Amino acid sequence: MGIIHEYSKTETISRRILHNEESSYIEVPFSVPTGTEQIMVKMEVIQEGTASSIIDLGVKDQNRVRGWSGGARSEFFIHQAKATPGYLYGELEAGEWAVLLGAYKVAAKGCTVNLTIEYSLEELRWLKGDLHTHSVHSDGTFTLREKASICEEAGLDFLGLTDHNAASQNEAYPRDVDTLFIPGMELTTNRGHLNLFGVNDPIRDFRVTKMEELHSVLKEARENGAYISLNHPYCRNTGWRWDWDFDYDWVEVWNGPWRDENQDALDWWQEQLVSGKRLVAVGGSDVHRPHPYVIHGMPTTWVYSKSLTSSEILQSINKGHVVLSYSPKGPFIGLTCGTCMTGDVCEETEQTVQLNIKDVHYSDVVKVISNQGIEQEVMVEEGHDMLDLSWSAGNRSFYRVEVWRYFPEAKSRLLAALCNPIYFSN
Ligand SMILES: [Zn+2]
Ligand SMILES: [Zn+2]
C-alpha cells in the first residue's frame with residue numbers, strides 16, 4: 001500500500017522491552033526529513049522463549065497522535081494524501097516524530113521490537129492517470145473501490161472523479177488504496193461539458209441555461225479554486241455549443257478511443273497554438289461502465305509532478321507538463337530544449353530541441369509539428385523501440401510531437417501519443 005518509488009531511504013531501529021515496562025506506552029523517536037511525501041513503518045516483535053509479548057502500534061507527529069492501530073496491524077503508511085485506516089493523511093511535517101509502542105503484554109524475559117521506517121521523498125517524476133471518469137455517483141456502474149482496483153491493475157497512479165453535476169464522489173473516495181483520486185465534477189449542460197478539478201464541492205447549482213449563468217457558475221468554481229477543462233468540444237452529441245469566449249484552463253483533445261471528433265478537437269487546438277494561444281491539452285477515457293474500447297487509462301495523461309497529490313498534479317498540468325498516450329504502456333514522448341520541457345516557454349532560440357520517444361513499434365509514424373505545420377515525419381524502423389531526433393529550434397513559436405500507429409483491430413492508423421508544446425518567446 002502507499003506509493004513506491006526510488007527516492008526512498010530506510011532506517012531500522014531496535015527497542016528492547018522489559019517485563020517491568022508492561023502497560024506503559026513507549027516512544028521511539030525518529031526524524032522525518034524535509035520534503036517527505038510518505039512514511040511507512042513496519043514492526044517485528046522478536047519473542048524470547050515460548051511466552052509471547054503483545055505490542056500495540058501507533059505514531060505521533062510533532063503535535064499529536066497521528067494514528068493508532070493497537071494490536072490490529074504490524075505496519076502502516078501515512079502519505080500526504082492517503083493513509084492506512086486508523087492513521088491521518090496530510091502534510092508530513094519535518095522534525096521529530098515517534099513510533100508509539102503499547103506494551104500491552106510483555107513476557108517475563110521481555111522482547112525486542114524491530115522497526116523499519118521508510119521515507120519516500122518528494123521528487124519530480126512522471127505520474128500517469130486518467131482525468132475523466134464516471135462512477136455510481138452519476139451514470140457509471142463502477143464503485144470507487146472497484147475503480148481503485150482497476151487502476152492499480154492498469155498501473156495508473158491517479159484518477160479524476162468527474163461525475164455529472166455531482167460532488168458526493170469527492171466525499172466518498174477511499175484514501176487507503178494505491179490510487180490517488182482527484183476530486184472533480186463534470187459540469188454537464190445541454191450545450192456542452194466542462195470538468196471542474198481540485199475542489200470537493202466546486203459549485204452550489206449546476207443548472208445553466210444562459211451564457212451569463214455559465215459565466216457566473218464558472219466564476220464561483222474559480223473562486224473556490226477549481227481548474228476548468230473544456231471537454232470533448234467537437235463531440236457530435238455533447239460538443240461545445242456555447243459561446244467560446246469564456247474562462248477555462250485546458251482542453252480535452254483526446255476523449256476515449258481516437259475518432260473523428262477527437263481529430264477535430266486536435267485540429268482546433270493546433271489553430272489556437274498557431275494563433276499564439278498557449279493552451280494545455282489533456283485527455284481522459286470518459287469511462288462509465290465495462291466496455292471493450294472505453295477503458296480506464298485509455299488515453300493516459302502523464303504529468304511531471306513532485307508528489308502524488310491533487311494540488312501538485314493539477315499545478316503541473318497547468319504548467320503544461322503533460323504528455324498523452326493511448327494506454328498506460330505508452331508510447332511516451334520526451335521533448336526537451338536545454339532545461340525546458342513540454343509546456344515550458346524557452347527564451348533562447350539558438351538551441352537544440354531533443355526528442356526521445358520510448359515504447360514505439362516498427363512502422364509507427366512520428367510527426368514533429370510547429371506553428372508552420374508538419375516539420376518532420378519519421379517512420380520507426382524494424383527492431384527499434386525508441387526513437388531519438390534532434391534539430392535546431394530556429395524561428396518557430398512552438399514544437400510539439402505526435403506518434404501515429406496502425407492498430408489492426410481498428411484497421412486504421414490512429415493517434416498513439418501526443419505531447420504538449422515547447423514554446424519559444426521569439
Ligand atoms: Zn461529457
Ligand atoms: Zn464524462
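First listed ligand is number 1; within each ligand, the first listed atom is number 1. Every value quoted in this text rests on a predicted model; they were computed, and no experiment measured them.
Defined by atom type and a distance below 3.5 Å, a donor-acceptor pair is present between the side-chain atoms of D344 and H321. A side-chain donor from one of D286 and H132 sits under 3.5 Å from a side-chain acceptor of the other.
H164 lies apart from the Zn ion (ligand 2) in this respect, since none of its N, O or S atoms is found at a distance under 2.8 Å. Note on H193: counted as a metal contact of the Zn ion (ligand 1), an N/O/S atom lying under 2.8 Å.
Of all N/O/S atoms in D286, OD1 sits nearest the Zn ion (ligand 2). Of all N, O or S atoms in H132, the one lying closest to the Zn ion (ligand 2) is NE2.
Vertex the Zn ion (ligand 2); arms to H134 atom NE2 and E186 atom OE1; angle 90° (nearest 10°).
Aromatic rings of Y399 and W391 (six-membered ring for Trp) have centroids within the 6.0 Å cut-off, being under it. Between F246 and Y248, the distance separating the two ring centers is shorter than 6.0 angstrom.
The CZ atom of R73 sits 7.5 Å away from atom OH of Y87, with the distance rounded to the nearest 0.5 Å.
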